[in-house]
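Inspection log for the structure reproduced underneath, given as structure tokens.
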Amino acid sequence: MNNPESLQLGPYTLPLGRRTLVMGIINATPDSFSGDGLGSDVEAACRQAKQMQSQGADILDIGGQSTRPGSEPVSVDEEMRRVLPVIERLAGPGGVSLPLSVDTSRAAVARAAVERGAVIINDITGLRDEPEIAEIASKAGAGLVLMHIQGTPRSMQEQPHYSDLLGEVKAYLRAGVDKAVQAGVNKERIWIDPGIGFGKTQAHNLELLRRLGELREIGCPILVGTSRKGFIGRILADLYGEAPPPDKRIVGTGATLAISIANGAGIVRVHDVAQAVEVARVADAVVRS
């Protein structure tokens, strides 16, 4: 597996390969499933970013479009209106000293974001929808996260089906990596994400976490995003009689993070940074010693 001891992204050096990296989520949306959407409140986003930095985040991921199941896409202009002021503020004086990622599947948004200081592009479609994102990443020297998704956020949870779950996820991610490399992206800058909850049933999510290590053969660091997701709530419903709301799924999330790290995850994407940092440090002590 390609596993460098560090990764240079713009002025930032990430200790990738030495410990698990924690990516904090900043939702510049009014309708996040997790209840933490900040809308277009740049000041609130800046406060949250600084808090996450103080809690030990390694990366901040800023998104301007909800991708929860059943969500409708917003216009490119609206997505830009939400994310670009936040990125510009956080990358500028008085912002944060962390690498910024833009969570988008639109090339226009990705281009504008890297021009304003983002050094990672996080594409939930894995270059399926707008493969020119790879060229933008290549020219900018940006990192690129490629995620697997079946369908679109609007319809992805309507009876997702796989004949060979791991085989299909691996083939999809390999195709994205190949597109990126052909566009000039250094493979060391590519991370892969199995897309927990994106066109998957609860059984699919659990199988992906159990078999996460099989993705190592693709040769890219693995990012996992389980934070506060619905499958955790459904598991906990057996304990509480009903599914706890997203902000009460933190301990359950921690269990999935520890298992992911044990099975090969190098980056975890979370809402609750302080707790995730503790989980990662303890899991790393067990797995990486």
Side-chain angles (χ1 to χ4, degrees), residues 7 9 14-16 19-29 32-38 45 48-49 51-53 55-68 83 86 90 96 98-105 113 118-126 142-149 153 169 173 189-198 200 205 208-209 212 215 220-232 246-247 249-250 252-261 263-281 283-284:
L7 176 64
L9 292 172
L14 290 171
L16 185 63
R19 62 173 174 80
T20 302
L21 304 183
V22 175
M23 174 186 275
I25 300 168
I26 296 180
N27 283 317
T29 63
S32 170
F33 87 92
S34 56
D36 65 338
L38 301 172
Q48 186 181 66
Q51 180 182 42
M52 287 180 168
Q53 178 172 258
Q55 292 171 336
D58 297 290
I59 307 158
L60 299 177
D61 191 41
I62 299 118
Q65 178 165 231
S66 175
T67 53
R68 72 186 190 285
V83 300
V86 175
L90 293 179
V96 294
L98 295 177
L100 304 179
S101 167
V102 60
D103 179 5
T104 188
S105 56
V119 296
I120 300 169
I121 303 168
N122 182 6
D123 179 9
I124 67 161
T125 77
L144 184 60
V145 182
L146 303 177
M147 194 190 82
H148 173 274
I149 182 173
V169 170
L173 293 173
R189 297 177 181 271
I190 303 171
W191 303 345
I192 55 172
D193 178 348
I196 301 296
F198 283 82
K200 280 89 174 178
N205 292 326
L208 282 170
L209 293 177
L212 191 67
L215 298 181
C220 296
I222 301 168
L223 182 151
V224 171
T226 56
S227 184
R228 299 187 177 186
K229 288 190 174 175
F231 80 100
I232 297 171
D247 64 350
R249 301 172 191 166
I250 299 172
T253 294
T256 66
L257 298 182
I259 290 168
S260 297
I261 293 166
N263 288 340
I267 310 99
V268 293
R269 182 179 181 273
V270 299
H271 300 87
D272 305 289
V273 167
Q275 294 88 342
V277 167
E278 287 195 7
V279 170
R281 294 299 180 272
D284 281 348

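Along the sequence shown, the residues carry numbers beginning at 1. Hydrogens, waters and symmetry mates are skipped; everything else that's a heavy atom, side chains included, is used.
In this structure, Q51 CD and I26 CD1 are separated by 10.0 Å, a value rounded to the nearest 0.5 Å. Atom CD1 of I25 is separated from atom CD of Q48 by 9.5 Å, given to the nearest 0.5 angstrom. Distance check, rounded to the nearest 0.5 Å: CD1 of I192 to CE of M147 gives 12.5 Å. Between N122 atom CG and I59 atom CD1 the span is 9.5 Å, to the nearest 0.5 Å. To the nearest 0.5 Å, the span separating CZ on R189 from CG on L16 amounts to 11.5 Å. Interatomic distance, CD1 of I62 versus OG of S101, reported as 7.0 Å (0.5 Å rounding).
In this structure, K200 contributes its side chain and P194 its backbone to a donor-acceptor pair below 3.5 Å. Judged by distance alone, with hydrogens and angles left aside, the side-chain atoms of T253 form a donor-acceptor pair with the main-chain N or O of R228 at under 3.5 Å. Judged by distance alone, the side chain of D123 and the main-chain N or O of L144 form no donor-acceptor pair under 3.5 Å.
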Worksheet item: Can V279 and Q275 be said to form a side-chain contact (heavy atoms from CB on, under 4.5 Å), step by step?
Response: CA-CA 6 Å; V279 170; Q275 294 88 342; 5.5 Å; no

Practice prompt. Evaluate side-chain contact (heavy atoms from CB on, under 4.5 Å) for L223 paired with R269, printing each intermediate quantity in order.
Written response: CA-CA 7 Å; L223 182 151; R269 182 179 181 273; 4.1 Å; yes

Practice prompt. Carefully, step by step, assess R19 and D58 under the rule salt bridge (Lys or Arg N to Asp or Glu O under 4.0 Å).
Written response: CA-CA 11 Å; R19 62 173 174 80; D58 297 290; 2.7 Å; yes

Practice prompt. Given side-chain contact (heavy atoms from CB on, under 4.5 Å), test I261 with D284 step by step and report yes or no.
Written response: CA-CA 7 Å; I261 293 166; D284 281 348; 3.6 Å; yes

Discussion item. For T256 and K229: C-alpha separation, side-chain torsions, deciding distance, then whether side-chain contact (heavy atoms from CB on, under 4.5 Å) applies.
Written reply: CA-CA 10 Å; T256 66; K229 288 190 174 175; over 6 Å; no

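Across all non-hydrogen atoms, the minimal contact from A258 to A283 is CA-CB, 4.4 Å. Of all non-hydrogen atoms in V22 and A280, the two that sit nearest each other are CG2-CB, 4.3 Å. Here the closest heavy-atom approach between residue A276 and residue L257 is recorded as CB-CD1, 3.8 Å. Contact between A265 and T20 at its shortest, heavy atoms only, is O-OG1, 4.1 Å. Between S105 and T125, the shortest heavy-atom distance links the atoms CB-CG2, 3.7 Å. Listed here is the closest heavy atom pair of C220 and I190: CB-O, 3.3 Å.
Annotation: side chain of V145 is not in contact with side chain of D103 (no heavy-atom distance under 4.5 Å). Using a 4.5 Å cut-off on side-chain heavy atoms (C-beta onward), L100 and V86 make no contact. No side-chain heavy atom of V83 sits under 4.5 Å from any side-chain heavy atom of T104.
A side-chain contact (heavy atoms from CB on, under 4.5 Å) with N205 is found for one member of I232, T226, I196 and no other, namely I196.
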